[in-house]
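Structure first, then comments.
All heavy atoms count here, side chains included; hydrogens, waters and symmetry mates do not. Counting from 1, the numbers follow the sequence of the chain as shown.
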Amino acid sequence: MDGVAQQEGLDVPRDLPEHSTTTIERGPFCLAACTCGWRGPARRARSQARTDARTHAPPPA
């Protein structure tokens, strides 16, 4: 891993079968987060945070 993504503990159920990603605004930054507990790096570009979310979550079946 190249250090782009960070793993942070979130209080989310670990038995969810799907990854569900979203973006979170924090001041001038945006970051991607997943129900599995994964969080991407803070980005100034919302489009890059959305790309982080897409590349983390597997494509829908």
Side-chain angles (χ1 to χ4, degrees):
M1 175 157 256
D2 62 3
V4 172
Q6 301 176 52
Q7 183 77 24
E8 293 183 16
L10 296 177
D11 293 329
V12 294
R14 300 292 180 199
D15 59 347
L16 293 174
E18 300 289 326
H19 287 260
S20 178
T21 57
T22 188
T23 55
I24 301 168
E25 301 268 336
R26 294 240 172 110
F29 296 97
C30 188
L31 61 108
C34 182
T35 55
C36 73
W38 171 88
R39 284 191 178 186
R43 307 279 194 178
R44 287 195 180 266
R46 288 179 184 90
S47 61
Q48 185 60 50
R50 287 190 296 267
T51 299
D52 293 341
R54 272 194 308 276
T55 57
H56 168 73

Q: Looking only at non-hydrogen atoms, find the nearest pair between Leu31 and Pro41 and report the distance.
A: CB-O, 3.7 Å
**Q.** Residue pair Ala33 / Ile24: nearest heavy atoms and the distance that separates them
**A.** CB-CD1, 3.6 Å
Q: Could you identify which residues cluster with Phe29, counting Ile, Leu, Val, Met, Phe, Trp and Tyr as linked when any side-chain heavy atoms lie under 4.5 Å apart, either directly or through a chain of such contacts?
A: none
Q | Listed partners of Thr23 passing side chain to side chain contact (heavy atoms under 4.5 Å, CB included), at least two apart | A | Cys30, Ala49, Arg50
Q: State the NE2-SG distance between His19 and Cys36, to the nearest 0.5 angstrom.
A: 5.0 Å
Q | Partners passing side chain to side chain donor-acceptor pair (under 3.5 Å) against Thr51 (at least two apart in sequence or in another chain) | A | Arg54
